[in-house]
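What follows is one structure encoded as structure tokens, with my remarks underneath.
Small disclaimer: the values here were computed from a predicted structure and weren't measured. One is the number of the first residue; the rest follow in order along the sequence.
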Amino acid sequence: MTILVTGATGEVGRCVVTELLRSGHAVRALTRRSAAAGLPGGVEVFEGDLERPESLREALTGVERLYLFPVPQAISEVVALAAESGVRRIVNLSGALADDAMFADGYQVVERAVEESGLEWTHIRPGEFARNWLDWAPSIRAERVVRRPYGGAVTQPIHEADVAAVAAAVLLGEGHAGRTYTFAGPRSLTVAEQAEAIGRALGERVRFEEQDPVTAREQWVRHGYPATVVDWLFGIWAESARDPAPLNEEWATLVPRLTGRPARTFEEWAADHVTAFR
């Protein structure tokens, strides 16, 4: 069986490739810059762009199963070409909040196209990625500090390797057709607690400084984040800080249920990425 991984040089895509290689199946990887892919030996690398469906034709030839990175542009053409090429199953990356109106032009478009493809499909919807903390690496490296509003907001951050493990399990296993899997990490942590965990991985204290939301919003918008996205995100954080939700047990147990091994903790993620914060 041949499996194609799109977005193969991204954080999750690389891990999906690694997981699939262990299965012994033929693995293909799609990337926009094949010369710089840096993927493991044994992977057949193809150059292509999900926004240009015709560039995928060679990579899709002979493929039975497809891991689909969520690019809404031209998605109908991509899934149509996949079906024409003989793909039988699509597992697409989505997000835990995919049903929110914020994602009407993103995740929802991709999910709908996959569902209408006539192929077997499964949506995987991870919650907040632990790797979002890499955005704070510059301030941690420079000052050992994180400045953010709503330090009491709670999330269940998930390791990208666990997202990939779920994707691989669904690609390789049976009984997942037509299902949507929403999942998250094994523990609920406040933002301040996550900063502390990175400090423990470093062996040094990382301070958390509560930032005024108005000041933070101005900074985020000034740095190029769309105001609508900032307001949506800050609204979620504010609500969580006011009324922290308990651990979502259903989300927390999906990784071990599908993969047969415990989900990685945020502390493990921090240790795996500690060099980014030094």
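Residues in residues 79-88 take part in these salt bridge (charged side-chain N to carboxylate O under 4.0 Å, His left out) pairs, two or more places apart or across chains: R57-E84, E64-R88. Counting only residues at least two apart or on different chains, the salt bridge (charged side-chain N to carboxylate O under 4.0 Å, His left out) pairs with a member in residues 169-186 are R65-E174, R89-E174. Among residues at least two apart or in separate chains, there is no salt bridge (charged side-chain N to carboxylate O under 4.0 Å, His left out) pair with a member in residues 268-278. Listed by first and then second residue, the salt bridge (charged side-chain N to carboxylate O under 4.0 Å, His left out) pairs that reach into residues 222-234 are R217-D231, sequence neighbours excluded.
Of the possible polar contacts, none joining the T259 side chain to the A165 backbone as a donor-acceptor pair under 3.5 Å is found. For S117 (side chain) and L119 (main-chain N/O), a donor-acceptor pair under 3.5 Å exists by modelled atom type. Put simply, the side chain of Q108 gets close to the backbone of D100: a donor and an acceptor are under 3.5 Å apart. S240 places no side-chain N or O within 3.5 Å of a backbone atom of I236 that could act as its donor or acceptor partner. One N or O on the side chain of T6 and one on the backbone of Y67 form a donor-acceptor pair closer than 3.5 Å. With E210 contributing its side chain and G151 its backbone, the two residues share a donor-acceptor pair below 3.5 Å. Looking only at distances, a side-chain donor or acceptor of R144 sits under 3.5 Å from a matching main-chain atom of I140. Of the possible polar contacts, none joining the T215 side chain to the Q211 backbone as a donor-acceptor pair under 3.5 Å is found.
For the salt bridge (Lys or Arg N to Asp or Glu O under 4.0 Å) test, no residue two or more places apart in sequence or in another chain qualifies with E193. Every residue two or more places apart in sequence or in another chain that forms a salt bridge (Lys or Arg N to Asp or Glu O under 4.0 Å) with R28 is listed here: E44.
Residue D135 qualifies as enclosed at atom CG: its count of foreign heavy atoms under 6.0 Å is above 12. More than 12 heavy atoms of other residues, nucleotides or ligands sit less than 6.0 Å from atom CD of Q73. Surrounding CZ of R147 are more than 12 heavy atoms belonging to other residues, nucleotides or ligands, all under 6.0 Å away. For E250, the CD atom counts as loosely surrounded, since its 6.0 Å shell holds 12 or fewer non-hydrogen atoms of other residues, nucleotides or ligands. Within a 6.0 Å sphere centred on CZ of R33, other residues, nucleotides and ligands contribute 12 heavy atoms or fewer.
A distance of 4.5 Å separates NE2 of H123 from OG1 of T180, quoted to the nearest 0.5 Å. The structure places CG of L171 at 11.0 Å from CD of E120, a figure rounded to the nearest 0.5 Å. Put simply, CD on E19 and CG on L172 are 9.0 Å apart, with the number rounded to the nearest 0.5 Å. The structure places CG of D49 at 8.0 Å from CG of L30, a figure rounded to the nearest 0.5 Å. Residue S76 holds its OG atom at 12.5 Å from CG of L81, rounded to the nearest 0.5 Å.
Contact annotation: the side chain of E209 never approaches that of R148 to less than 4.5 Å [non-hydrogen atoms, C-beta and beyond].
Hydrophobic clustering (ILVMFWY, side-chain heavy atoms < 4.5 Å, transitive): F208 and W220 are in one cluster. Hydrophobic clustering, with ILVMFWY side chains joined whenever heavy atoms are under 4.5 angstrom apart, keeps V163 apart from L134.
Two rings, from F103 and W232, have their centers less than 6.0 Å apart. In this structure, H176 has its ring center closer than 6.0 angstrom to the ring center of Y181.
If you run side chain to side chain donor-acceptor pair (under 3.5 Å) between E160 and each of H273, R264, R131, only H273 comes through.
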- Message: As a quick check of understanding, evaluate side chain to side chain contact (heavy atoms under 4.5 Å, CB included) for N92 and E111, giving each step before the final call.
- Response: CA-CA 8 Å; N92 64 286; E111 289 190 359; 3.9 Å; yes
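A parallel orientation is assigned to the rings of F234 and W237, their planes being inclined by less than 30° (bins at 30° and 60°).
Checking Q194 against W133 by side-chain atom types alone, a donor-acceptor pair falls below 3.5 Å.
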